[in-house]
A.B. asks: 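Quick one: this structure, given as structure tokens, is what I'll be asking you about.
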Amino acid sequence: MAFPYMEAVVGFMILMYIFETYLDVRQHVALKLPTLPKTLEGVISQEKFQKSRAYSLDKSNFHFLHGFVTILMDSAILLFGILPWFWNKSGNTLESFGLNAESEIYHTLAFLAGVMFWSQLTDLPFSLYSTFVIEERHGFNKQTLLLYFRDMIKGMILAVVIGPPVVAAIILIVQKGGPYLAIYLWGFMFVLSLVMMTIYPVLIAPLFNKFTPLPDGVLRTKIENLASSLNFPLKKLFVVDGSTRSSHSNAYMYGFFKNKRIVLYDTLIQQCKNEEEVVAVIAHELGHWKLNHTMYSFVAVQVLTLLQFGGYTLVKNSKDLFLSFGFDTQPVLIGLILFQHTIIPIQHLVSFGLNLVSRAFEFQADAFAKKLGYSKPLRDGLVKLQEENLSAMNTDPWYSAYHYSHPPLVEREIAKPAYSTGNRLCLDLLDVEKLLWHGYDSVNRCGTVESPEVWDAYVKVHKGAEKWRNKSIPHYDDLCIIFGKDRAQGNRAEDCEDMSHNANVEKELLDMEDDFNEQNEEFSPTTNVQSEETSSASSKKRKRIDPFIEGISNAAALLGKELREASTTLSQSLNAEVELQKKTSMVTAEILKIPSMNQSDKFKASRKIMREPEAVLTFWNLEGEDRETFVKLMLEESTI
């Protein structure tokens with residue numbers, strides 16, 4: 001009795017659907033939790049959490065429906081013999097067009113054309129709903145229906161151009177491969193993968209997105225310096241207009257040997273608060289390269305591909321396998337498809353193993369960026385991207401381990417708070433920019449506020465802070481010293497002005513002592529001898545101290561004055577320079593928001609403005625239409 005391959009495959013597909021649905025339910029329950037996980041309290045704002053929760057629940061509900069329809073269709077296709085029926089129909093279609101149905105290559109291409117059309121047709125409603133309902137509802141979709149269908153048509157054209165020669169080559173290799181078939185198939189796919197990795201970013205990706213060189217400026221300089229410090233052979237640095245389709249952000253690198261390129265999504269630059277956060281994200285990606293994660297992953301894929309082709313050679317001539325699925329012939333491509341179905345259990349196990357390895361790589365890349373000194377900016381950047389992309393805040397650990405190749409923010413050590421709730425509250429007490437705390441209770445060592453409403457507002461965002469209301473904060477005095485707030489607590493270090501003041505106080509005390517002795521001499525004649533001795537000692541002390549007091553007083557006063565003036569001048573200069581650099585670094589992100597200019601012109605104008613400090617200041621002094629007009633004028637000057 002032949003082994004029931006088809007029934008076994010369908011049975012395992014249903015079992016996996018039940019198991020994965022169970023994980024989906026666990027994740028759905030986690031997503032419905034009304035509060036942030038403790039590690040993200042005070043890190044993610046409540047507003048962003050609520051938006052993320054709504055977005056994740058919408059996607060989860062949609063996934064339940066899509067998954068149910070998919071398992072029904074896939075099971076029906078196998079159980080009702082749709083695949084062999086479709087194969088026979090594709091042969092009849094060839095004959096109706098006067099083509100040779102006996103040619104396996106033509107027959108296979110006709111079959112694949114029908115499958116591609118069917119897949120596009122059945123998946124179209126789900127794709128449209130996901131893009132134009134869910135993504136649109138939550139502010140991510142930026143593409144129009146025209147752009148959507150244009151991209152779909154481009155993808156189909158590429159499949160028609162690239163697919164036939166690849167399919168024909170595979171069929172010929174299988175037909176003539178002999179005992180070394182697995183090696184020949186693997187060698188062909190290996191070369192094909194290298195070719196695709198080479199031509200995709202150069203020829204294919206530009207068909208869908210526009211790649212523009214990152215303009216000169218602080219961000220480019222920092223990325224180039226980072227790459228140089230790691231000996232990363234960076235040749236080109238691009239910005240891709242991902243914002244034309246979605247507001248989700250990303251960054252990646254590609255290229256072989258000494259020809260590496262880095263691509264930043266324009267949304268990544270816009271969403272990160274400053275250049276340091278963008279550079280920290282790049283440091284993480286470069287960590288994958290430096291730690292050879294990319295090479296390890298590539299080698300693993302090649303080994304798995306070779307093993308799969310080896311397994312295929314063992315069953316490619318199995319008549320029972322084809323008959324079980326309803327085929328009375330043994331076409332090459334059909335054999336590959338059926339073999340892929342039979343090893344689904346192994347594929348799930350391998351996929352789970354690769355996910356675990358990928359997660360370990362992510363932790364290592366985080367640690368690498370941290371070692372380079374990007375711990376805080378990477379943490380801030382990840383938090384910002386988590387907020388802007390409305391990623392799931394609460395995740396079920398089983399679901400995460402099974403599905404996520406990248407661990408969620410709540411699991412990443414780099415994203416966990418560096419301070420306890422009490423210490424973070426202490427830092428907020430010290431942060432004058434927040435204008436939240438109006439005083440300091442030296443007895444209870446806690447901040448004081450004008451009204452309870454201030455505390456209530458703070459606790460809404462930082463829920464862990466409630467227990468510190470009007471209570472002593474751990475390590476407050478230590479942090480006061482560390483963060484330079486010791487002067488406010490009376491622990492002021494003595495400076496030149498203090499030295500002068502203290503010297504004058506000592507002089508005044510000596511004068512008071514002299515006056516006191518003179519009065520005693522007038523009203524106590526019997527103590528004249530003792531008074532004279534005291535007065536004499538005081539006079540000698542004065543003679544010894546007066547010159548010292550006067551000298552140190554004059555010197556301290558002059559030195560203090562000079563230092564104050566120099567410090568003020570230097571501080572003003574540094575503040576002006578820092579402010580200019582800050583404004584310069586933000587020009588590109590601001591110009592990218594102008595809707596009436598194309599991407600290339602935006603970067604040209606940005607490059608022109610960032611090179612001229614006066615232009616940067618003028619840019620920020622203008623608003624609205626005046627700023628847009630100024631940018632266009634600068635663009636015209638750069639093209640003259």
Side-chain angles (χ1 to χ4, degrees), residues 1-29 60 62-87 111-112 115-116 118-119 122-123 126 170 174 182 185-186 189 300-301 303-359 396-405:
M1 182 178 178
F3 183 79
Y5 288 101
M6 190 265 289
E7 289 79 4
V9 167
V10 174
F12 187 78
M13 285 170 53
I14 294 174
L15 283 176
M16 286 306 303
Y17 169 74
I18 293 173
F19 171 68
E20 291 182 350
T21 301
Y22 167 69
L23 293 181
D24 293 339
V25 170
R26 289 178 59 97
Q27 176 69 356
H28 194 80
V29 171
S60 179
F62 174 73
H63 176 72
F64 281 119
L65 175 62
H66 192 199
F68 179 71
V69 173
T70 299
I71 189 64
L72 281 181
M73 291 178 58
D74 290 347
S75 299
I77 287 172
L78 294 178
L79 290 172
F80 293 102
I82 303 298
L83 278 179
W85 175 83
F86 212 86
W87 175 262
F111 173 79
L112 289 177
V115 169
M116 182 176 69
W118 170 256
S119 298
T122 54
D123 191 57
F126 296 103
I170 291 174
V174 173
L185 279 174
W186 170 80
M189 295 305 296
V301 169
V303 171
L304 290 172
T305 303
L306 179 59
L307 291 175
Q308 284 192 44
F309 284 137
Y312 166 69
T313 60
L314 299 177
V315 300
K316 73 182 185 69
N317 295 320
S318 173
K319 189 174 182 180
D320 291 340
L321 175 64
F322 286 87
L323 288 175
S324 178
F325 285 90
F327 288 90
D328 52 9
T329 59
Q330 296 178 329
V332 170
L333 191 74
I334 296 298
L336 283 168
I337 293 173
L338 298 184
F339 174 71
Q340 291 295 319
H341 277 80
T342 60
I343 63 171
I344 284 177
I346 299 175
Q347 287 178 331
H348 279 281
L349 288 175
V350 170
S351 177
F352 177 62
L354 290 177
N355 269 359
L356 294 180
V357 173
S358 175
R359 290 163 69 91
D396 177 75
W398 289 19
Y399 181 92
S400 172
Y402 183 79
H403 283 289
Y404 290 165
S405 61

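This is a predicted model, so every value here is computed, not measured.
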A.B. asks: Counting only heavy atoms not in Leu65 (residues, nucleotides, ligands), do more than 12 fall under 6.0 Å from its CG?
C.D. replies: yes
A.B. asks: Ignoring hydrogens and angles, tell me if any N or O in the side chain of Thr21 forms a donor-acceptor pair with the backbone of Tyr17 under 3.5 Å.
C.D. replies: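 It does hold such a pair.
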A.B. asks: Would you please test Leu314 and Phe339 for side chain to side chain contact (heavy atoms under 4.5 Å, CB included) and show each step?
C.D. replies: CA-CA 10 Å; Leu314 299 177; Phe339 174 71; over 6 Å; no
A.B. asks: Considering all heavy atoms of both residues, which atom of Ser405 and which atom of Ser358 are nearest to each other, and what is their separation?
C.D. replies: O-OG, 2.8 Å
A.B. asks: Could you pull out the closest heavy-atom pair between Gly310 and Thr313, with the gap in Å?
C.D. replies: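 So the minimum-distance heavy-atom pair works out to O-OG1, 2.5 Å.
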A.B. asks: In a check of side chain to side chain contact (heavy atoms under 4.5 Å, CB included) between Leu333 and each of Leu112, Ile170, Val174, which one passes?
C.D. replies: Leu112
A.B. asks: Measure the NE2-CG distance between His66 and Asp123 for me, rounded to the nearest 0.5 Å.
C.D. replies: 5.0 Å
A.B. asks: So for atom CZ, which belongs to Phe68, do other residues, nucleotides or ligands contribute more than 12 heavy atoms lying within a distance under 6.0 Å?
C.D. replies: no
A.B. asks: Which value, rounded to the nearest 0.5 Å, describes the distance between Gln27 atom CD and Ser60 atom OG?
C.D. replies: 7.0 Å
A.B. asks: Side-chain contact test, heavy atoms from C-beta onward, threshold under 4.5 Å: evaluate it for Phe80 versus Trp85 and give yes or no.
C.D. replies: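 Result no, sub-4.5 Å side-chain heavy-atom pair not found.
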A.B. asks: Rounded to the nearest 0.5 Å, what's the gap from OH on Tyr5 to CZ on Phe325? Could you check?
C.D. replies: 9.5 Å
A.B. asks: Distance check, rounded to the nearest 0.5 Å: Ile77 atom CD1 versus Thr122 atom OG1?
C.D. replies: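 Rounded to the nearest 0.5 Å, the CD1-OG1 separation comes out at 7.5 Å.
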A.B. asks: Decide side chain to side chain contact (heavy atoms under 4.5 Å, CB included) for Phe64 and Val25; before the verdict, give the C-alpha distance in whole Å, the side-chain angles of both, and the deciding distance to 0.1 Å.
C.D. replies: CA-CA 9 Å; Phe64 281 119; Val25 170; 4.1 Å; yes
A.B. asks: For the residue pair Asp328 and Leu323, what are the closest heavy atoms and their distance?
C.D. replies: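 Looking at all heavy atoms of both residues, the closest pair is CA-CD2, 4.4 Å.
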A.B. asks: Would you find a donor on one side and an acceptor on the other, under 3.5 Å apart, between the side chain of Ser351 and the backbone of Gln347?
C.D. replies: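 It does not hold such a pair.
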A.B. asks: Test Thr70 against Phe126 for side chain to side chain contact (heavy atoms under 4.5 Å, CB included), laying out the working first.
C.D. replies: CA-CA 11 Å; Thr70 299; Phe126 296 103; 6.0 Å; no
A.B. asks: Does a side chain donor of either His348 or Tyr402 reach within less than 3.5 Å of an acceptor in the other side chain?
C.D. replies: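 Short answer, yes.
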A.B. asks: As an exercise, state the distance from CZ of Phe309 to CH2 of Trp186, rounded to the nearest 0.5 Å.
C.D. replies: 11.0 Å
A.B. asks: Please give me the minimum heavy-atom distance between Ser324 and Glu7, naming the atom from each residue.
C.D. replies: OG-OE1, 4.2 Å
A.B. asks: Would you mind reporting whether Leu321 and Lys316 have side-chain heavy atoms less than 4.5 Å apart?
C.D. replies: no
A.B. asks: Start with the C-alpha distance between Ile334 and Phe322, add both sets of side-chain angles, then the distance that settles side chain to side chain contact (heavy atoms under 4.5 Å, CB included), and finish with yes or no.
C.D. replies: CA-CA 8 Å; Ile334 296 298; Phe322 286 87; 4.1 Å; yes
A.B. asks: Locate the shortest heavy-atom distance separating Val115 from Phe86; write the atom from each residue and the value.
C.D. replies: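 Of all heavy-atom pairs spanning Val115 and Phe86, the closest is N-CE2, 3.7 Å.
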A.B. asks: Drop me the distance from Leu23's CG to His403's NE2, to the nearest 0.5 angstrom.
C.D. replies: 5.5 Å
A.B. asks: Show the nearest heavy-atom pair for residues Ala401 and Asn355, with the distance to one decimal.
C.D. replies: O-CB, 4.3 Å
A.B. asks: Side chains of Tyr312 and Val332, heavy atoms from C-beta outward: is any pair under 4.5 Å?
C.D. replies: yes
